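Here the structure is laid out as structure tokens; the discussion comes afterwards.
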Amino acid sequence: MLWHEGDERDSTADLKLGCSLSAVAGSINVAGFLAVGFYSANMTGNVSIIASALEQGKIEDVLLVAALIGTFVTGAFLATVLVNAGRRRELRSIHAWSIMLEAGLLAALGVFVIIYPQENTQPVMVYGFSFLMGLQNATVTRISNARVRTTHVTGLLTDIGTELADWLGGRFVPLDSEERRDSREKLRLHAAIVLSFVIGGTIGAVFYTRWHGYFLVFVALFLAALVIVGTDRQNS
């Protein structure tokens, strides 16, 4: 699921990729909110916070959230640079390496949280989570040609609404079998990703409050396992 790119991918590969990584994103997003009070993947909400803080003259909040958005963009920038470099060198595993980088950085963040008191780790956590979400979303966007998004659900819910309308419309307006199948697969894909995000967020809410940094290390190991299993299957 992390090897083939664009039109080489089928709906099953997109489904596995979207569900697994959206569950990770959901857990990290909730963990970040529980730790520091900010959603690390919700850039729409963060931009709204900037607008509200500007109106209230809270410049410190403006700068804090602007930096949060900046780290998300930086993560996306780095992922794109890595993927583009891998494409030029025809390195088909570059997307897997990007996700492995995310796993390594998340594990390092988890160890940092374990070692240091929570009040000293909050700034690192909020910006670290945002960077990782930007990195993951850009990687997934590139490998799927923007068919899959994993770190936020607003666009996915919009897609579900439009695809549901298309699917129901097909009951009244004749569609060929390919159009019906395409509409059904997209609806299933995006609904499954949203559900996985919710499940991941629930897991994050339950276990981060108990395990803190150890939970982050566990999620990092899960990411690394996805990469290793996917690479082994590709090479077999």
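Worth saying up front: this structure is predicted, and the values here are computed from it rather than measured.
Rounding to the nearest 0.5 angstrom, the gap separating the CD1 atom in Ile160 from the NE2 atom in His190 is 8.0 Å. Rounded to the nearest 0.5 Å, atoms CD1 (Ile28) and OH (Tyr208) are 11.5 Å apart. Rounding to the nearest 0.5 Å places CG of Leu78 at 6.5 Å from CG of Leu101. In this structure, CG in Leu157 is found 12.0 Å from CG in Leu164, a value given to the nearest 0.5 Å. Taking CG of Leu17 as the reference point, atom OG1 of Thr12 lies at 12.5 Å (rounded to 0.5 Å). Note that the CG atom of Leu132 and the CG atom of Leu109 stand 7.0 Å from one another [nearest 0.5 Å].
Hydrophobic clustering (side-chain heavy atoms under 4.5 Å, transitive across Ile, Leu, Val, Met, Phe, Trp, Tyr) keeps Val81 apart from Val140. Under a hydrophobic-cluster definition in which Ile, Leu, Val, Met, Phe, Trp and Tyr are linked whenever side-chain heavy atoms come within less than 4.5 Å, directly or via other members, Ile59 and Val47 are assigned to different clusters. Residues Leu63 and Met43 fall into different hydrophobic clusters, defined by Ile, Leu, Val, Met, Phe, Trp and Tyr side chains chained together at heavy-atom separations under 4.5 Å. Placement of Phe197 and Val194 within a single hydrophobic cluster is found when ILVMFWY residues are connected by side-chain heavy-atom separations under 4.5 Å, directly or transitively. Under the 4.5 Å side-chain contact rule for hydrophobic residues, Phe77 and Ile143 do not share a cluster.
Taking all atoms of both residues into account, the shortest heavy-atom contact from Asp14 to Ser144 is OD1-CB, 4.0 Å. Ala35 and Met125 get closest at one heavy-atom pair: CB-CE, 3.3 Å. Pairing each heavy atom of Ala103 with each of Ala220, the nearest pair is O-CB, 3.2 Å. Nearest heavy-atom pair, Ile94 versus Leu82, reported as atom, atom and distance to 0.1 Å: CG1-O, 3.2 Å. Taking each heavy atom of Gln136 and Thr151 in turn, the nearest pair found is OE1-CG2, 3.9 Å.
With hydrogens and angles ignored, the 3.5 Å screen pairs a side-chain donor or acceptor of Thr80 with a backbone N or O of Ala76. A donor-acceptor pair is defined here as one N or O able to donate and one able to accept, closer than 3.5 Å; such a pair exists between the side chain of Asn29 and the backbone of Ala41. Ser130 contributes a side-chain N or O that, together with a main-chain N or O of Leu68, makes up a donor-acceptor pair within less than 3.5 Å. Judged by distance alone, the side chain of Thr202 and the main-chain N or O of Val198 form a donor-acceptor pair under 3.5 Å. Here the side chain of Thr121 pairs no donor or acceptor atom with the backbone of Val113 at under 3.5 angstrom.
Arg142 places a side-chain heavy atom less than 4.5 Å from the side chain of Asn84. Contact check for Ile99 versus Leu226: no side-chain heavy atoms found under the 4.5 Å cut-off. For the pair Asn137/Leu21, no side-chain contact is recorded, criterion being any heavy-atom separation below 4.5 Å from C-beta on. In this structure, Asn46 and Tyr39 have side chains that are not in contact, with every pair of non-hydrogen atoms separated by 4.5 Å or more. The closest side-chain heavy-atom distance from Leu135 to Phe131 is below 4.5 Å. Counting only heavy atoms from C-beta outward, the side chains of Leu34 and Thr209 approach each other to under 4.5 Å. Inter-residue side-chain proximity for Phe129 and Leu216 is flagged as met; some heavy-atom pair is nearer than 4.5 Å. A heavy-atom distance below 4.5 Å is not found between the side chains of Val219 and Val217.
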Discussion item. Quick one, Ser98 with Val83, criterion side chain to side chain contact (heavy atoms under 4.5 Å, CB included). Give me CA distance, side-chain angles, the key distance, then yes/no.
Written reply: CA-CA 8 Å; Ser98 294; Val83 169; 4.1 Å; yes
Item to complete: Carefully, step by step, assess Gln56 and Ser52 under the rule side chain to side chain donor-acceptor pair (under 3.5 Å).
Response: CA-CA 6 Å; Gln56 297 172 25; Ser52 176; 3.1 Å; yes
Discussion item. For Phe222 and Val24: C-alpha separation, side-chain torsions, deciding distance, then whether side chain to side chain contact (heavy atoms under 4.5 Å, CB included) applies.
Written reply: CA-CA 9 Å; Phe222 173 75; Val24 169; 3.7 Å; yes
Worksheet item: Can Glu102 and Met133 be said to form a side chain to side chain contact (heavy atoms under 4.5 Å, CB included), step by step?
Response: CA-CA 9 Å; Glu102 179 188 0; Met133 291 297 92; 3.9 Å; yes
Worksheet entry | Residues Leu15, Arg188; criterion side chain to side chain contact (heavy atoms under 4.5 Å, CB included); working and verdict | CA-CA 9 Å; Leu15 185 65; Arg188 182 182 67 161; 4.3 Å; yes
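Below 30°, between 30° and 60°, or above 60°: for Phe218 and Trp211 the angle between ring planes is above 60°, a perpendicular geometry. Classification of the Phe215-Phe207 ring pair by plane angle, with boundaries at 30° and 60°, yields parallel.
Within 6.0 Å of the CD atom in Glu90, the count of heavy atoms belonging to other residues, nucleotides or ligands does not exceed 12. The local environment of OH in Tyr214 is sparse, with at most 12 non-hydrogen atoms from other residues, nucleotides or ligands closer than 6.0 Å.
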